[in-house]
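Have a look at the structure below before the remarks.
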2 protein chains.
Amino acid sequence: MARASTTSDTFNAVAEPRRREILSYLAGAERPVGEIVEALGLEQTSVSKHLRVLRNVGLVRMRCQGRQKLYRTNAEAIRPLHEWAGTFERYWQHQLHRVKARAEAMALQGLSDLKPSDTKLKEK
Amino acid sequence: MARASTTSDTFNAVAEPRRREILSYLAGAERPVGEIVEALGLEQTSVSKHLRVLRNVGLVRMRCQGRQKLYRTNAEAIRPLHEWAGTFERYWQHQLHRVKARAEAMALQGLSDLKPSDTKLKEK
DNA sequence: TTGACATATGCCTATATCGGCATGTAATGT
DNA sequence: ACATTACATGCCGATATAGGCATATGTCAA
């Protein structure tokens, strides 16, 4: 099997770089498809297809106006993602504290026993 | 062409539900692969492959201990995602304010001119 | 009605994935 | 040295996707 249905999942929808660009572009204001095409330099059919995916997961809203269709980002649909990522916040803060504490401890010791073989400085 | 290289992108890495499960499971503590397999009820080879993807984008860290390999989530690598989603925060707040304002306006008017044909209640 | 404009959709191909299975590799125990 | 444990990797098939192209749909204008 391949990846589990991209089309119906917010995480998969934003995994595509162009879709993220579109979301950012449509965050502040409503725009017709043509403007997106021009602004982002993409093919029209490509934009239409990305918009379709984004609509299916509720990341954008559409409104018809004459022969144009105005799209805008539905920012609320991005919240779940923000919140999911936020559940890890306490952990990265924890890690930062550890790093900071270690740095301070070393400073107190005047880095006297800091030997390359002893440290995990290669972190990264 | 298909989707642009999933393996080297954080957004794509977390697009996979099982990988998200693994990240959550490894957020608090270091664990050997076997425990992940057992805890999440996945195939061992599948877990290994997901861990590989997660490692490639820095979402997990690995440490060898005897014949085990201990993995843990590198929460910091999730921050960019959190921050990206956070750039939309002002917009969803904005939308909430609009909704609230409209609701209050309607309340003030006693909903006198609220007609089904007039509203976009069919919104989903 | 005819035609131009704005957007959507269908078909096709190349590619990238996930999962399953078998196998490879490294560390430990006997 | 050999078996066992703990993971990783390679190959395969099924599927889903993105992009390109042609075309369909829908709206306005003359």
Side-chain angles (χ1 to χ4, degrees), chain A residues 1-23 25-26 29-73, chain B residues 1-23 25-26 29-73:
Chain A
M1 298 155 201
R3 145 170 318 184
S5 170
T6 281
T7 269
S8 49
D9 170 18
T10 303
F11 282 90
N12 276 294
V14 302
E16 177 61 46
R18 273 79 185 265
R19 286 200 280 263
R20 263 173 278 151
E21 288 181 42
I22 292 175
L23 284 176
Y25 186 65
L26 296 178
E30 223 175 23
R31 316 254 194 194
V33 178
E35 276 188 37
I36 308 174
V37 170
E38 203 186 349
L40 305 185
L42 303 172
E43 292 280 331
Q44 181 259 311
T45 74
S46 185
V47 170
S48 277
K49 285 172 186 170
H50 284 311
L51 287 171
R52 181 101 157 97
V53 172
L54 293 171
R55 264 191 78 187
N56 281 339
V57 299
L59 279 165
V60 298
R61 289 275 158 76
M62 192 257 280
R63 184 170 72 89
C64 292
Q65 186 187 58
R67 48 183 145 182
Q68 316 200 82
K69 308 211 174 174
L70 304 178
Y71 285 85
R72 72 168 175 45
T73 297
Chain B
M1 297 155 198
R3 141 171 324 183
S5 170
T6 282
T7 268
S8 49
D9 171 17
T10 303
F11 283 89
N12 275 295
V14 302
E16 177 61 45
R18 273 78 186 265
R19 286 199 281 263
R20 262 173 278 151
E21 288 181 41
I22 293 176
L23 284 176
Y25 185 65
L26 296 177
E30 222 175 25
R31 317 253 194 196
V33 178
E35 276 189 36
I36 307 174
V37 169
E38 204 186 349
L40 305 186
L42 303 172
E43 292 281 332
Q44 179 259 312
T45 73
S46 185
V47 170
S48 277
K49 284 171 187 172
H50 283 311
L51 287 171
R52 181 100 156 98
V53 172
L54 292 171
R55 262 191 77 186
N56 282 339
V57 300
L59 279 165
V60 299
R61 289 275 158 75
M62 192 257 279
R63 186 169 71 87
C64 293
Q65 186 187 58
R67 48 182 145 182
Q68 315 201 79
K69 308 209 175 174
L70 304 177
Y71 285 85
R72 72 169 174 47
T73 296

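Lettering of chains follows the sequences in order, A, B, ..., and the numbering in each one begins at 1.
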Note to self: side chain to side chain contact (heavy atoms under 4.5 Å, CB included) for B:Val47 and B:Leu40? Distances and angles first, verdict last.
What the structure shows: CA-CA 9 Å; B:Val47 170; B:Leu40 305 186; over 6 Å; no
Next item on the list: Give the C-alpha distance, both sets of side-chain angles, the deciding distance and a yes or no for side chain to side chain contact (heavy atoms under 4.5 Å, CB included) between B:Met62 and B:Arg55.
Entry: CA-CA 8 Å; B:Met62 192 257 279; B:Arg55 262 191 77 186; 3.0 Å; yes
Margin query: side chain to side chain contact (heavy atoms under 4.5 Å, CB included) for A:Glu16 and B:Phe11? Distances and angles first, verdict last.
Written below: CA-CA 8 Å; A:Glu16 177 61 46; B:Phe11 283 89; over 6 Å; no
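Atom-to-atom, CZ of B:Arg67 to P of D:dT4 comes out at 12 Å; the value is rounded to the nearest Å. Rounded to whole angstrom, the span from the CE atom of A:Met62 across to the C1' atom of C:dA6 amounts to 12 Å. C:dA27 atom P lies 15 Å from atom CZ of B:Arg63, rounded to whole Å. A:Arg52 has its CZ atom 12 Å from the P atom of D:dT17, to the nearest Å. Here the C1' atom of nucleotide D:dA6 and the CG atom of B:Leu70 are 11 Å apart, to the nearest Å. As a whole-Å value, the separation of B:Asp9 CG from C:dA16 P is 14 Å. Between the CD atom of A:Gln68 and the C1' atom of D:dC28 there is a distance of 11 Å, given to the nearest Å. One can place NZ of B:Lys69 at 18 Å from P of D:dT5, the figure rounded to the nearest angstrom.
A donor-acceptor pair shorter than 3.5 Å can be found between the side chains of A:His50 and A:Arg19.
Here the side chain of A:Thr73 pairs no donor or acceptor atom with the backbone of A:Val60 at under 3.5 angstrom.
Residues B:Arg55 and A:Gln65 both approach DNA chain D. Their nearest nucleotides, taken by heavy-atom distance, put B:Arg55 toward the 5′ side.
Remark: A:His50 is not in phosphate contact with D:dT17, judged by side-chain N or O atoms under 4.0 Å from OP1 or OP2. Taking 4.0 angstrom as the limit, A:Tyr71 places none of its side-chain polar atoms (N or O) nearer than this to OP1 or OP2 of C:dA6.
With A:Tyr71 as the aromatic partner, A:Arg61 does not meet the cation-pi criteria of under 6.0 angstrom to the ring centre and within 45 degrees of the ring axis.
Here D:dC21 is the nucleotide among D:dC7, D:dC21, C:dG19 with the atom lying nearest to any side-chain atom of A:Lys49.
Atom CD1 of residue B:Ile36 and atom CG of residue B:Leu42 lie 9.5 Å apart, to the nearest 0.5 angstrom.
DNA chain C lies under 4.0 Å from at least one heavy atom of each of the following residues of residues 35-48 of chain B: B:Glu43, B:Thr45, B:Ser46.
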